[in-house]
Amino acid sequence: MLAPSPLSMYPPVLPTPPPSPPITRCYAPEDRLGLLLANRLELIGILGVGAYGVVYTAIDIHTNVMYAVKALNKAGLDPRQLKFQQREIKLHHMASQHPNVVSLVRIMDSVDCTYVVIEFCPEGDLFSSITEKGNFVHNDPLVRRVFLQILDAVQYCHTIGIYHRDLKPENILVTDQGLTVKLADFGLATTDACTSDFGCGSTFYMSPECQQPNPRPMSWYDSAPNDVWSLGVILVNLTCGRNPWKRASPEDSTFRAYLKDPYFLKSILPLTDDMICILSRIFECDPRKRITIPELRTMILECPQFTIPPWGSINGPMPVDFVNNPQVPVHHTPSDVYDSQSSVSSGSSHYSDSLQSAVSDASSFTEGYPDVDSVSSMSSVGLDCEADCKNTFAPTDSITCSDFVEPLLMPFPQPIPVPVY
């Protein structure tokens, strides 16, 4: 009998393990230029670079149609960050059924990033259309047309349970020779009707309840009224080319003066009494009393005039006109919004102090427009690199009246018919 082979004393050799996954490469934005996605979309240019990815221009080599492609990095993100990234894609896709939301066309996945193919809007964003092209100030018909489209897009999002939380001109794209606008960038959007994410969004556009410095434990605020407040600031942007204040906080002298009397805005902005009435309903500090979007839409349609004509033919600055109109309530800040009411006194002398403080801020606060290249590079996709750095409408307390101057295929669903304005 033969002795057993020494090799039989050992277990059989295990199969060779699969190769290790490739090390994810950290691409520089320009490294992907020339890349062909799905054998038809070629990345040909860079629109903008953000903290979580790059937005490219791309061309369909079969149809010559241009698209914007968001390359959302996956490398270095923890599971929570990846979840937020997936949420942005999901909510954008849900909202893009509306004609005034930028279409999400396809999603393609790769090892290092997710490519989101979206509609390309070569005319840029609403911010540049207001500040660089000057298309809206004193153009009431265009303001009405565009703002109603924004209202319809946001109302549709609310109807399907999506709250944007970062509404601002940089996140609204322009097309159709300036006649059509489309909502973009759902990076901060949520499905939570009530949220405790204080400070979420961009400071200029945040509601008072959203920016409590020291929120109480278990406190929250309603997402829908917060979006409505942002819409009000956008309305001021469109009609006047300015922000009404730096932030809706008692520390802001202009906002303090506004809380005392909404007609204060007429001393620094060319607004009609009808517009003051509309803004007083939007900038209601109690979110439970704030106007709803359907109500706001009706008021916009019925408003005969948003701004007074340019006063170049009038000698001297426009007079300050504080009108005691019973239809415009004086705003009393709810106790659950701010802990102290001491900054908003009922005395007339304090009102004069607030006005003087608003004027004196002009000498200490200067905020210029951003570099043209930095705006145009971001404008076609609504990419928000830094939440508060890009928006540089000069707040009204830094100007005077005389300063106003003219893989996975995700087909796009059937669009909702565009309303006629």
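Treat the numbers as computed from the prediction; the structure is a model and nothing was measured. Scope of the values below: all heavy atoms of this structure, side chains included, with no hydrogens, waters or symmetry mates.
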Charged N-O contact under 4.0 Å between Arg297 and Asp152 | yes
Selection residues 72-94 - residue pairs positive for salt bridge (Lys or Arg N to Asp or Glu O under 4.0 Å), sequence neighbours left out = Lys70-Glu88, Lys74-Asp109
Hey, does the side chain of Glu123 reach the backbone of Asp176 with a donor-acceptor pair shorter than 3.5 angstrom?
-> yes
Is there a donor-acceptor contact under 3.5 Å linking the side chains of Asp112 and Asn73?
-> no
Apply side chain to side chain contact (heavy atoms under 4.5 Å, CB included) to the pair Phe264 and Ile276, showing each step before the final yes or no.
-> CA-CA 9 Å; Phe264 165 76; Ile276 294 295; over 6 Å; no
Considering residues at least two apart in sequence or located in another chain, which fulfil the salt bridge (charged side-chain N to carboxylate O under 4.0 Å, His left out) criterion with Arg290?
-> Glu209
For Tyr163, the ring pair (Phe, Tyr, Trp, His ring centres under 6.0 Å) test, sequence neighbours excluded, returns His158
May I ask you to check whether Trp229 and Tyr205 place their ring centres under 6.0 Å from each other?
-> no
Where at least one partner belongs to residues 187-197, residue pairs that pass salt bridge (Lys or Arg N to Asp or Glu O under 4.0 Å), sequence neighbours excluded | Arg165-Asp197
Verify the distance criterion only: is there a donor paired with an acceptor across the side chains of Thr180 and Asn100 at less than 3.5 Å?
-> no
Please list, chain by chain and in numerical order, all residues satisfying salt bridge (charged side-chain N to carboxylate O under 4.0 Å, His left out) with Glu295, sequence neighbours excluded.
-> Arg281
Heavy-atom count around Lys133 NZ within 6.0 Å, excluding the residue itself: above 12?
-> yes
Mind jotting down which residue pairs meet the salt bridge (Lys or Arg N to Asp or Glu O under 4.0 Å) criterion with at least one end in residues 33-47? Sequence neighbours excluded, please.
-> Arg40-Asp60
Looking at residues at least two apart in the chain, or sitting in another chain, which of them share a side-chain contact (heavy atoms from CB on, under 4.5 Å) with Pro294?
-> Gln155, Thr292
Sorted by chain and residue number, the ring pair (Phe, Tyr, Trp, His ring centres under 6.0 Å) partners of Tyr221 (sequence neighbours excluded) come out as Phe198
Pairwise side-chain contact, Leu231 with Ile282, heavy-atom cut-off 4.5 Å (strictly under) | no
For Phe84, ring pair (Phe, Tyr, Trp, His ring centres under 6.0 Å) partners two or more places apart | none
Is there any ring-ring contact (aromatic ring centres under 6.0 Å, His included) pair reaching into residues 287-306, and which pairs are they, with sequence neighbours excluded?
-> none
Between Ser230 and Phe204, is any pair of side-chain heavy atoms under 4.5 Å apart?
-> no
Closest approach of Cys210 to Asn226 (non-hydrogen atoms, all atoms of both residues) | CB-OD1, 3.4 Å
With Leu77, which residues qualify under side-chain contact (heavy atoms from CB on, under 4.5 Å), at least two apart?
-> Tyr52, Gln81, Leu82, Gln85
Looking at Val117, Val69, Ile118, which one forms a side chain to side chain contact (heavy atoms under 4.5 Å, CB included) with Val105?
-> Val117
For the side chain of Thr57 and the backbone of Gly45, is there at least one donor-acceptor N/O pair under 3.5 Å apart?
-> yes
Enumerate the residue pairs fulfilling ring-ring contact (aromatic ring centres under 6.0 Å, His included) with a member in residues 177-196, sequence neighbours excluded, ordered by first and then second residue.
-> His92-Phe186, His164-Phe186
